[in-house]
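Note that ligands are numbered from 1 as they come in the structure, with each ligand's atoms numbered from 1 the same way. Values in this document were obtained by computation on a predicted structure and should not be read as measured data. In this chain, numbering begins with 1 at the start of the sequence shown.
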Amino acid sequence: MDTDKLRREYRAQSGHLLEENASSDPFEQFEQWFADAIAAKLDLPDAMTLATATPQGIPSARMVVLRGFDANGFCFYTDYESQKGKELAENPNAALVFYWRELDRQVRSTGIAEKMSAEESDAYFASRPVESQLAVQTERQSLVIAGREHLTEGFQRAEQTYSQDTISRPLHWGGYRLVPNLFEFWQGCPSRLHDRLCYTLLPDGAWEMKRLSP
Ligand SMILES: Cc1cc2nc3c(=O)[nH]c(=O)nc-3n(C[C@H](O)[C@H](O)[C@H](O)COP(=O)(O)O)c2cc1C
């Protein structure tokens, strides 16, 4: 299939990403762009690709949802025994990518993924809708299952077993925080003259900003 006809021009309708306008703190820059994505009413502004790898360097990537960020990093929740969970247990290096198409913007971040504390995971679990709480009791993510019935039966069993008061976070499910050591902000521009500002964490804790060729 020839996909060349899908080619499109990037518009930089929000303006160029210039060193003098960008924050020297990449977390603040992310916060600004994330606020822009929300203000633009984008669908799933919090959806991000998470890339992990085995210790041998075999990569895998999938979407997850951002469930909070601050100067400590980006939080997401998952099954600790899923493929990503097993990979992170052996190799905590991970990368995230956000793509906000309508704004012609991409953010990449690389860092080390740490498990969140049990208290943080408990608090988030307790805030989820009861259906979501039941769903994680039903099955371990990423296992091979016999068919869809297996899922629905498991969910019904969980509904019979737990009430809203007795349901608690299973230990195999919880949060990770990706602690970044690198950010890249990409603003698509006409004629492929895109802006790319890359922030690298220095040993003294300061961030160094550099422009990369598109
Ligand atoms: C938009 C979107 C958001 C998702 N959010 C999550 C999430 O926050 N946590 C999660 O475990 N899986 C999420 N998933 C499912 C994952 O992409 C993936 O299928 C699942 O986590 C199993 O991945 P693994 O086998 O590589 O560990 C999401 C999928 C999509 C399409």
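In this structure, Y176 has its ring center no closer than 6.0 Å to that of Y77.
Applying ring-ring contact (aromatic ring centres under 6.0 Å, His included) to W33 and the options F27, W186, F185 leaves one that passes, F185.
Using a cutoff of 4.0 Å between basic side-chain nitrogens and carboxylate oxygens, R196 and E184 are scored as salt-bridged. The existence of a salt bridge linking R177 and E114 is excluded, since no basic side-chain nitrogen approaches an acidic carboxylate oxygen closer than 4.0 Å. Comment: K86 does not engage D79 in a salt bridge, judged by the lack of any side-chain N to carboxylate O separation of less than 4.0 angstrom.
Under the rule for a salt bridge (Lys or Arg N to Asp or Glu O under 4.0 Å), the partners of K210 that lie at least two apart in sequence or sit in another chain are E208.
Within 4.0 Å of ligand 1, protein heavy atoms belong to R62, M63, V64, V65, Y77, T78, S82, Q83, K84, Q141, S142, listed by chain and number.
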